[in-house]
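As structure tokens, the structure follows; a few thoughts come after it.
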Amino acid sequence: MKKNKARARRSASSGDGNSNQRHITNTPALRQHAKLNLNDSDLSVFLRHYILSPDQLLALGYPVESSLYPGQAIIFKSPAANTGPNPYALVYSHPLTTSSHFDVNAQEFVPMSAKQSKGTACYYSDGSLSRESQGVNSAMYISNMIDRGPAGFDYASVAIEWNVDKDVKREDHENNNIVITAFRSDDNKNNCEEQLCKGTERKSTDSLGHLNCRGEDLSVILQKTEDVGEKQASKSPLKSKFQEQLSSSDEKKCVRCGRGFFVTMDGEYLTQEQCLYHWGKLQNVLGPGAYEMGAMTVCTEYSCCRGKPNTRGCTSGKLHVWNGVGPGFNGPFDGYVRTHLRKTPPPDGNFGVYAIDCEMCFTTHGLELIKVTVVATDGRLVYDSLVRPENFIIDYNTRFSGITARDLSKHATKSLRDVQNDLMGFINADTILVGHGLENDLRALRIIHGTVIDTSVIFPHYYGLPYRRSLKSLVGCFLKRKIQQDSSGHDSFEDARACIELMLWRIRRDFRTILESRAPHFAVTC
């Protein structure tokens, strides 16, 4: 393990000639680590109580591997989530939260095993139903979750969309039909057939006309039809080319201003439009004369310019940007690597504990990695490197990433594949990774990893998910210090140290009784 850390440090220092490297190297150990005074092996035992479950990983948007597409990653983003520029404007439910309301008209509870058939409906061949087994029942595989879903989560609303979008279909050339498989439970079958059979015509350019459903079938037959608009567009080559590009692209939603725009699969922007947005968040503040007449006046405004909601943005960007994922299931994605198990377990049982933080920029294909930093449990630097994005950069996001075009042009010598190889040298499947909103970091790194601790979940928001407290707020509240004070952007080294120190503080609070009773052995300062 020490050799791997040393190799990572040498690789980071040679790949990134950053000017603050000397400052990072001379940073003292974390105060919480000194107070706790535990070795890495004992520390990993306590930290494993906070590891997210597979259901949480899927619901929170972590990249997972599907048995339908082995070796490829799938990312789920809740369709109920508000993807606009102000995620705090609406209150919506989340799969990880439960409701305490009592419904007298609720249906009788039936266990899932009693409702499910012994097989999964796969497709129809010559009018007969074919069923296959559920497949591999692994914690990191989601084929069963698509059909049943974890407890408290309803995947029925996205099952049809998942199979249609991901080409789980077969063509019947004799009858000029396309049969699309719908992985749904028996209880939802009738509703599925009723909803699908109501729509008899589509007006999009995908030339799929009306839908027919067989009486007891779960498969949906889409009969191919010709659109009159396509015939007319074929007369104009220029218009036909534009419609072809438009049909091959999906509408994206700008994460800054909320407007829709179109980008092709190749990353070509069809919507050339300036983006006007507020970079700050909406917050409630006391209005003028708040305490006059004994009444308190609270108003909502943006933290960047004190503008009111629904006002014109105070900042402009050349183009709209998106984060690379949309509501529902996304993928399957290539280029992801999965951490592997160690061939021989370590003698002390410690597979490693690291805190990780990444900085991203907006490209034509969404968010991409431009910097990654890894620190140890005591806050020492383990890995730090700038990364060259694979696609054209739309916005460097310098206000938050702290990375400029000059930084990448002068110091970024490594590609994403190089960084993945470096990280796989000291991170295995049982290594604990700590971060804040770690699903975004793993997406940028294109790494599938299941042993993670997310401080945004361990320290929840007062209103619960999907609300999340910022890392800056958590550090100020629990560690009584300030971070992210530099106007030039965030420091990934500072953020990674803050994440691991928050977890050290949490261990001291949650296991105080155990640590005090074993103080002679641990020599802990509580």
Side-chain angles (χ1 to χ4, degrees), residues 60-61 77-95 97 99 157 246 249-263 269-293 295-328 330 360-364 366-367 394-401 436-437 439-440 456 460-474 476 484 487 489-490:
L60 289 171
K77 186 175 181 181
S78 175
N82 181 17
T83 57
N86 178 25
Y88 304 98
L90 299 176
V91 178
Y92 48 88
S93 60
H94 193 276
T97 60
S99 176
S157 60
L246 194 63
S249 65
D250 296 327
E251 184 181 13
K252 316 299 182 185
K253 194 170 186 180
C254 182
V255 296
R256 298 189 297 198
C257 67
R259 290 179 61 89
F261 66 102
F262 288 90
V263 181
Y269 267 66
L270 301 180
T271 304
Q272 299 289 329
E273 184 179 66
Q274 191 180 36
C275 178
L276 297 176
Y277 64 98
H278 292 280
W279 59 264
K281 294 182 179 179
L282 280 175
Q283 57 184 7
N284 294 326
V285 297
L286 295 178
Y291 298 100
E292 295 180 359
M293 304 298 294
M296 181 178 293
T297 304
V298 179
C299 60
T300 303
E301 63 184 24
Y302 283 100
S303 60
C304 52
C305 63
R306 304 192 63 180
K308 304 302 180 183
N310 301 323
T311 58
R312 185 182 179 89
C314 61
T315 309
S316 62
K318 293 182 179 180
L319 295 170
H320 297 295
V321 293
W322 66 304
N323 57 9
V325 294
N330 297 264
M360 285 80 77
C361 67
F362 290 106
T363 70
T364 55
L367 286 172
I394 301 297
D395 193 328
Y396 286 89
N397 201 25
T398 305
R399 187 186 303 276
F400 299 102
S401 67
H436 189 81
E439 75 277 6
N440 300 311
S456 66
H461 194 276
Y462 176 79
Y463 293 109
L465 290 169
Y467 299 101
R468 299 191 188 189
R469 297 186 65 178
S470 65
L471 182 61
K472 181 179 180 179
S473 172
L474 293 177
Q484 300 176 358
S487 59
H490 297 179

Would you check if the side chain of [X] reaches a backbone N or O of [Y] as a donor-acceptor pair within less than 3.5 Å?
X: Y277; Y: G317; value: no
X: H436; Y: R469; value: yes
X: T300; Y: L282; value: no

Kindly indicate whether the side chain of [X], heavy atoms from C-beta on, has any atom under 4.5 Å from the side chain of [Y].
X: V285; Y: E301; value: yes
X: L60; Y: R468; value: yes
X: R256; Y: D395; value: yes
X: R399; Y: T315; value: yes
X: V255; Y: F362; value: yes

**Prompt:** Is the number of heavy atoms from other residues, nucleotides or ligands under 6.0 Å of K308 NZ greater than 12?
**Reply:**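 Buried by this count: over 12 neighbours within 6.0 Å.
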How close do [X] and [Y] get, counting heavy atoms only, and between which atoms?
X: L276; Y: C257; result: O-CB, 3.2 Å
X: G61; Y: E439; result: O-CB, 3.8 Å
X: G258; Y: K253; result: O-CE, 3.3 Å
X: Y269; Y: V321; result: OH-CA, 4.1 Å
X: W322; Y: V325; result: CZ3-N, 3.6 Å

Calculate, to the nearest 0.5 Å, the distance between atoms [atom1] and [atom2] belonging to [X] and [Y] respectively.
X: Q484; Y: L471; atom1: CD; atom2: CG; result: 5.5 Å
X: H461; Y: L474; atom1: NE2; atom2: CG; result: 10.0 Å
X: L270; Y: E251; atom1: CG; atom2: CD; result: 11.5 Å
X: H320; Y: C275; atom1: NE2; atom2: SG; result: 5.5 Å
X: K318; Y: Q272; atom1: NZ; atom2: CD; result: 11.5 Å
X: H278; Y: T311; atom1: NE2; atom2: OG1; result: 3.5 Å

**Geometric class of the F400/W279 ring pair [parallel <30°, tilted 30-60°, perpendicular >60°]** = perpendicular
